[in-house]
Amino acid sequence: MHLVGKVNDDPDKENFALEQIGNTIKQNREMKADSDKKSSTHGATVKRKMMKEERTRMLEEKKLKKEKERQKWEKGKFALKSIVAEIDTKVVELGSIGGHLLSRLADKGLTYRITSNPIEKSIVWTMAVPEHISQLSPEGLEIQYVLIVSEAAEFCDLVTSDTLLDHISRVRSKYPLYTVCYLTNRLLAYINKRENEQYKNPAIDSGWRRPLVEEVLAKLTTYYARVHSRQCADESELAEHVVGLTCSLASCQFRKKLTRLCVSANGSLIPKDSIDKNLIKGNLWLKALLAIPKVQPRFALAIGRKYPTMKSLLRVYMDPTKSVHDKEFLLKDLVVEGLLGNDRRLGEICSKRVYRVLMAQSGSVKTDDIEDGADFFTH
């Protein structure tokens, strides 16, 4: 009792103790507030980081999806959906031809547009890039092909009046780089019918004479480049031809372009009984050598053993210190394994042929002419 009374008798000490307690409580509150603030800030930071990572992931997925779509486009996956046949209104007005044609295009799910083309009774094709790919590949593809649809009587009139060649010139002036094809319907049936009518009624002279159709069609092939003709037996065959042509034009835009060194059909030139067939099929250089006429598989293997790549052989062929004679006979002494085990030399003829074909200055000359010296010593 004496001690308590003594403490109570000292107000300064009591105030100091209360002040310390208050400060401690205040400090605890401030520490708790700081801790809560830090915890809240940390949580917000973690949340922002997670949101950023999610946005980055979504952007990457979107980018990857666009890249996959672009690759599909380049591989021609959207070709049939993108090609549009622009059909002149005059074609649709050709009675049964127009009906069969539009029905078959619709059955195949191919897009067409009836319009007024610069050349009457023509069909041209366009290929627009799909909207979801247009940003990646903004330019569409130009399909350089024009089809002229003609009824038999109309085509015969062009031949008889000697205006077919003028018509070709008019088409070529509008489409100078295009392949032109004249598609006729029931042409031979029409000619035969008219001849039979004339034969049965010789007294009635209608003035009709059989047009020189065969001669004119031959001229289209021999006198013109990229001008063709196709005769269809009826409207159904004509419609099928246009549908098949549309599909082919769509897919061929995305085929790998052939180069001068491409070998047809992945080694189809290799004899089936060749024991080294698998080895050659797996080596592009050997297949290129085999594409040179009169170069047998064992000749190509002999060259490949000495010069394993085209670059290694061309390095010697393009050496300015060597004479043309030395280069021509560079391969003549290479050892070729004989069919019966007896080895032999490659020979001068094969050596000369390989050199002159690979080093030819013009791709338009024939290999036999090259071997005889054409395109080589005339410069």
Side-chain angles (χ1 to χ4, degrees), residues 79-80 82-94 97-98 100-102 104-105 110-128 140-188 190-191 211-255 257-258 364:
L80 293 180
S82 303
I83 193 167
V84 179
E86 298 188 349
I87 306 172
D88 186 68
T89 53
K90 296 291 185 180
V91 176
V92 181
E93 293 172 1
L94 288 176
I97 288 182
H100 277 82
L101 178 57
L102 298 184
R104 288 302 295 148
L105 288 171
L110 298 171
T111 306
Y112 62 86
R113 182 166 53 245
I114 301 173
T115 182
S116 180
N117 290 336
I119 302 297
E120 282 191 358
K121 299 182 179 178
S122 66
I123 302 176
V124 293
W125 288 265
T126 59
M127 181 171 285
L141 296 175
E142 181 183 10
I143 300 179
Q144 298 181 340
Y145 199 102
V146 55
L147 190 68
I148 311 297
V149 182
S150 299
E151 284 283 17
E154 180 185 9
F155 189 80
C156 288
D157 289 342
L158 287 174
V159 173
T160 304
S161 60
D162 291 331
T163 57
L164 179 60
L165 302 185
D166 295 335
H167 189 272
I168 294 174
S169 299
R170 190 162 66 253
V171 175
R172 296 296 289 270
S173 64
K174 183 61 183 177
Y175 304 103
L177 300 178
Y178 280 47
T179 296
V180 182
C181 180
Y182 283 85
L183 186 64
T184 59
N185 181 43
R186 300 178 181 269
L187 179 60
L188 296 181
Y190 171 79
I191 294 175
L212 302 177
V213 172
E214 292 80 3
E215 180 180 337
V216 171
L217 294 179
K219 284 184 179 180
L220 294 185
T221 304
T222 56
Y223 288 7
Y224 292 91
R226 302 189 307 276
V227 177
H228 311 293
S229 64
R230 169 64 190 264
Q231 301 174 39
C232 295
D234 52 30
E235 294 79 5
S236 178
E237 183 180 330
L238 187 146
E240 287 294 339
H241 177 76
V242 175
V243 168
L245 180 61
T246 302
C247 296
S248 297
L249 290 174
S251 61
C252 74
Q253 305 301 315
F254 301 93
R255 291 175 188 162
K257 304 300 181 184
L258 296 179
S364 61

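Throughout, residue positions are numbered sequentially from 1 according to the sequence presented.
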Does a side-chain N-to-carboxylate-O contact under 4.0 Å join E235 and R186?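 Yes, charged N to carboxylate O under 4.0 Å.
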Exercise: identify the closest heavy-atom pair between [X] and [Y]:
X: V146; Y: Y178; value: N-CD2, 4.1 Å
X: L220; Y: H228; value: CD1-O, 4.5 Å
X: L102; Y: V92; value: CD1-CG1, 4.1 Å
X: I148; Y: S122; value: CD1-CB, 3.8 Å
X: L249; Y: C252; value: O-SG, 3.5 Å
X: I97; Y: N185; value: CD1-ND2, 3.7 Å

Spacing of [atom1] belonging to [X] relative to [atom2] belonging to [Y], to within rounding of 0.5 Å:
X: E93; Y: I114; atom1: CD; atom2: CD1; result: 9.5 Å
X: L245; Y: W125; atom1: CG; atom2: CH2; result: 4.5 Å
X: L101; Y: I87; atom1: CG; atom2: CD1; result: 4.5 Å
X: L147; Y: I123; atom1: CG; atom2: CD1; result: 5.0 Å
X: L80; Y: S251; atom1: CG; atom2: OG; result: 7.0 Å

Stepwise side-chain contact (heavy atoms from CB on, under 4.5 Å) check, V180 with Y175: CA-CA 9 Å; V180 182; Y175 304 103; 5.7 Å; no
Spell out, as yes or no, whether a donor-acceptor pair under 3.5 Å connects the side chain of E237 to the backbone of A233.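 Looks like yes, one N/O pair under 3.5 Å.
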